[in-house]
Trainee: 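Below: one structure in structure tokens.
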There are 4 protein chains.
Amino acid sequence: MQFDNSRPIYMQIMEFIKKQLARGELQPGQKIPSQREMAAELQVNPNTVQRAYREMETMGLLETLRGQGTFISNRPGLLQEIKVELAGSILKRFIVEMRSLGLSAVEIRNLVNQALDQEEEGKSCKAINPRGTCQPHW
Amino acid sequence: MQFDNSRPIYMQIMEFIKKQLARGELQPGQKIPSQREMAAELQVNPNTVQRAYREMETMGLLETLRGQGTFISNRPGLLQEIKVELAGSILKRFIVEMRSLGLSAVEIRNLVNQALDQEEEGKSCKAINPRGTCQPHW
Amino acid sequence: MQFDNSRPIYMQIMEFIKKQLARGELQPGQKIPSQREMAAELQVNPNTVQRAYREMETMGLLETLRGQGTFISNRPGLLQEIKVELAGSILKRFIVEMRSLGLSAVEIRNLVNQALDQEEEGKSCKAINPRGTCQPHW
Amino acid sequence: MQFDNSRPIYMQIMEFIKKQLARGELQPGQKIPSQREMAAELQVNPNTVQRAYREMETMGLLETLRGQGTFISNRPGLLQEIKVELAGSILKRFIVEMRSLGLSAVEIRNLVNQALDQEEEGKSCKAINPRGTCQPHW
DNA sequence: GTGGTCTAGACCACA
DNA sequence: GTGGTCTAGACCACA
């Protein structure tokens, strides 16, 4: 994993784990690497990993058992919460970036709709005519 | 500037310059740093910068005048093209990320609309009552 | 201030500040010593003070303004919450200690009632007869 | 053992021994460490230990047999006296602390009763259903 | 071995 | 100056 300088490393570690959870690469109840293992793998100081783990424990995302290790929480609704949070931050960043190109709310809305529509077409098109050029339908 | 390992550095340099253009930090017709200067500033090999400059020249984004330096093209419509291209790639990445959270097209659409609406409210609200709580208006 | 080894120093710092708040020695909105000042005064590492401050910020007890300092939160109900929390921990420790002397729930209850009654008598007694021996009244 | 600066060390040694007696860690009739041993263990001056032992002998808590050592007194009722004394000081400190939070006698009484009641519930609850949520019973 | 605390000290960001 | 992050490394507590 690579870190950028725009945000603290411990936050990037938090986001890294949240994304793995959202994608199903980590399961509720599962043991995650120990602080030392994770620190070695990511090549950061164990204290930095600990800070990430500790904050996620405060948020109810992880549970730590002294002497045993750290686990993804089993709390019901956890996965949904994480997804909502991640979606929110992805959305926020997206809008900031589009805005910085000088696009208005209306333009952003239209571009998103257009992209999603094309995606749909792509799918139906493929289903019927896997190799042909995709014609717009009306 | 920081580079990540996901894409070639010369492409990251290209995107870096395009973003500066889109944000207005670079103007059409303006001279940009020489290949050597840029290489020193970004701490990369001059050949890498050369490749980025060459590709952008092919795309009609830069113009090189032998003995004078490299300039942002004055071609009309350039800025618009760049913005469309950048918007496209931001949009594409956005949709991929939202999809990876398991969101449907309808959900993405709604979230975007919601976020843009809230942005609007935030503005009007601030204008009238800079520190107060923002009341929903109806 | 003195620390004992039974609990982490950062928690003792937290309790120290909560007690000052409960006793009215600190007021909501008031600036508290900077991390460095507090560390020097308590003779601990600034990181330890920071941990205490950070946890109290998470709990909504403090607010920090980068470059300006750390302040007691102005959130309504804060004082009451702190008092309830402190009362709970004092009570818990009290019961544990009384239990370790082999006292039953009934005995603890009676001793508390007795002590509070005597306190009352002490007061009324003093009011009437400031210097005399306090006679039990019936 | 740790000493704090609020009271003389010899008093803290006295309280330390009384608590051990009350908890059954020391038995009536039992030999306790010599003054020199105790001083070495607690890292205090032997004179300080001597003062503590002397006061406890005056109180009838210890008995010194020249050439044999110092023993916990065998006097009947000793244990009970010690417990009453300790309970009294714990109780006193408890009430002072609760008072300093601005709690009235009635409030203190209620909190104590509540805490003791909950303790009871906890026990019966555990006995029947060790891991389940504890339901209020009526 | 695993997590928890603490120190010493460097360097950064905001004002 | 004030808070924020990070490293290196020591030592403790639990199992």
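This structure is a prediction, so every number in the text was calculated from the model and none was measured. Below, each value reflects all heavy atoms present in this structure, side chains not excepted, and no hydrogens, waters or symmetry copies. A, B, ... follow the sequence lines: proteins, then strands. Residue 1 opens every chain.
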Trainee: Rounded to the nearest Å, what distance is computed from the NZ atom of residue C/Lys31 to the C1' atom of nucleotide E/dA15?
Mentor: 13 Å
Trainee: Please list all pairs meeting side chain to side chain donor-acceptor pair (under 3.5 Å) that have one or both residues in residues 4-17 of chain A, counting only residues at least two apart or in different chains.
Mentor: A/Asp4-A/Ser6, A/Asn5-B/Gln2, A/Arg7-A/Glu15, A/Tyr10-A/Arg51, A/Glu15-A/Lys19
Trainee: Looking only at heavy atoms, what is the nearest atom pair of C/Leu42 and C/Phe3, with distance?
Mentor: O-CE1, 3.8 Å
Trainee: In Å, rounded to the nearest 0.5 Å, how long is the span from CD of A/Gln35 to OG1 of A/Thr70?
Mentor: 5.5 Å
Trainee: Output yes when at least one side-chain N/O atom of C/Thr64 is less than 4.0 Å from OP1 or OP2 of F/dG4, else no.
Mentor: yes
Trainee: Counting just side-chain N and O atoms, does C/Tyr10 come under 4.0 Å of either OP1 or OP2 of E/dC6?
Mentor: no
Trainee: If you compare all heavy atoms of D/Pro46 against all heavy atoms of D/Ala39, which two are closest, and at what distance to 0.1 Å?
Mentor: CA-CB, 3.7 Å
Trainee: Is C/Arg75 atom CZ crowded by more than 12 heavy atoms from other residues, nucleotides or ligands, each under 6.0 Å away?
Mentor: yes
Trainee: Between C/Gln35 and A/Arg7, which is nearer to the 5' end of DNA chain F once each is assigned its nearest nucleotide?
Mentor: C/Gln35
Trainee: For A/Ile9 and F/dA8, give me the distance from atom CD1 to atom P, rounded to whole Å.
Mentor: 11 Å
Trainee: Any idea which heavy atoms bring D/Ala22 and D/Leu86 closest together, and the distance?
Mentor: CB-CD1, 3.7 Å
Trainee: Within the structure, does a side-chain N or O atom of C/Gln68 lie under 4.0 Å from either OP1 or OP2 of E/dC14?
Mentor: no
Trainee: E/dG4 P sits how many Å from A/Leu65 CG, rounded?
Mentor: 10 Å
Trainee: Is a side-chain donor or acceptor of A/Arg99 paired with a backbone partner of A/Leu103 at a separation under 3.5 angstrom?
Mentor: yes
Trainee: With DNA chain E as reference, determine whether A/Gly67 or C/Gly67 sits nearer its 5' end, using the nearest nucleotide of each.
Mentor: A/Gly67
Trainee: Please evaluate residues B/Glu97 and A/Arg93 with respect to the criterion salt bridge (Lys or Arg N to Asp or Glu O under 4.0 Å), reporting the C-alpha separation (whole Å), side-chain torsions for both, the decisive distance (0.1 Å), and the verdict.
Mentor: CA-CA 12 Å; B/Glu97 286 182 321; A/Arg93 184 158 46 80; 3.5 Å; yes
Trainee: Measure the distance from CG on A/Asp4 to C1' on F/dT5 and round it to the nearest whole Å.
Mentor: 14 Å
Trainee: Give a yes/no answer on whether the side chain of A/Ser34 brings an N or O atom under 4.0 Å of OP1 or OP2 in E/dG1.
Mentor: no
Trainee: Among residues 44-57 of chain A, which contact DNA chain F at a heavy-atom distance under 4.0 Å?
Mentor: A/Val44, A/Asn45, A/Asn47, A/Thr48, A/Arg51
Trainee: Only Watson-Crick and G-U wobble pairs with both distances less than 3.5 Å should count. Give DNA chain F in dot-bracket notation, marking inter-strand partners with |.
Mentor: ||||||||||||||.
Trainee: Quickly work out the A/Met11 CE to E/dC12 P distance and round it to whole Å.
Mentor: 19 Å
Trainee: Under the 3.5 Å rule, do the base of F/dG3 and the side chain of C/Arg36 count as making a donor-acceptor pair?
Mentor: yes
Trainee: So, taking the atom named CG in A/Leu91 and the one named CZ in B/Phe94, what distance separates them when rounded to the nearest 0.5 Å?
Mentor: 5.0 Å
Trainee: Round to the nearest Å and state the distance from A/Met38 atom CE to E/dG3 atom P.
Mentor: 10 Å
Trainee: Do you know which two heavy atoms are closest between A/Ile17 and A/Met56, and how far apart they sit?
Mentor: CD1-CE, 3.6 Å
Trainee: In whole angstrom, give the distance that lies between atom CZ of C/Arg66 and atom C1' of E/dA15.
Mentor: 11 Å
Trainee: When the distance from CZ of C/Phe3 to C1' of E/dT5 is rounded to whole Å, what number comes out?
Mentor: 13 Å
Trainee: Would you say a side-chain N or O of A/Thr70 is under 4.0 Å from OP1 or OP2 of E/dT2?
Mentor: no
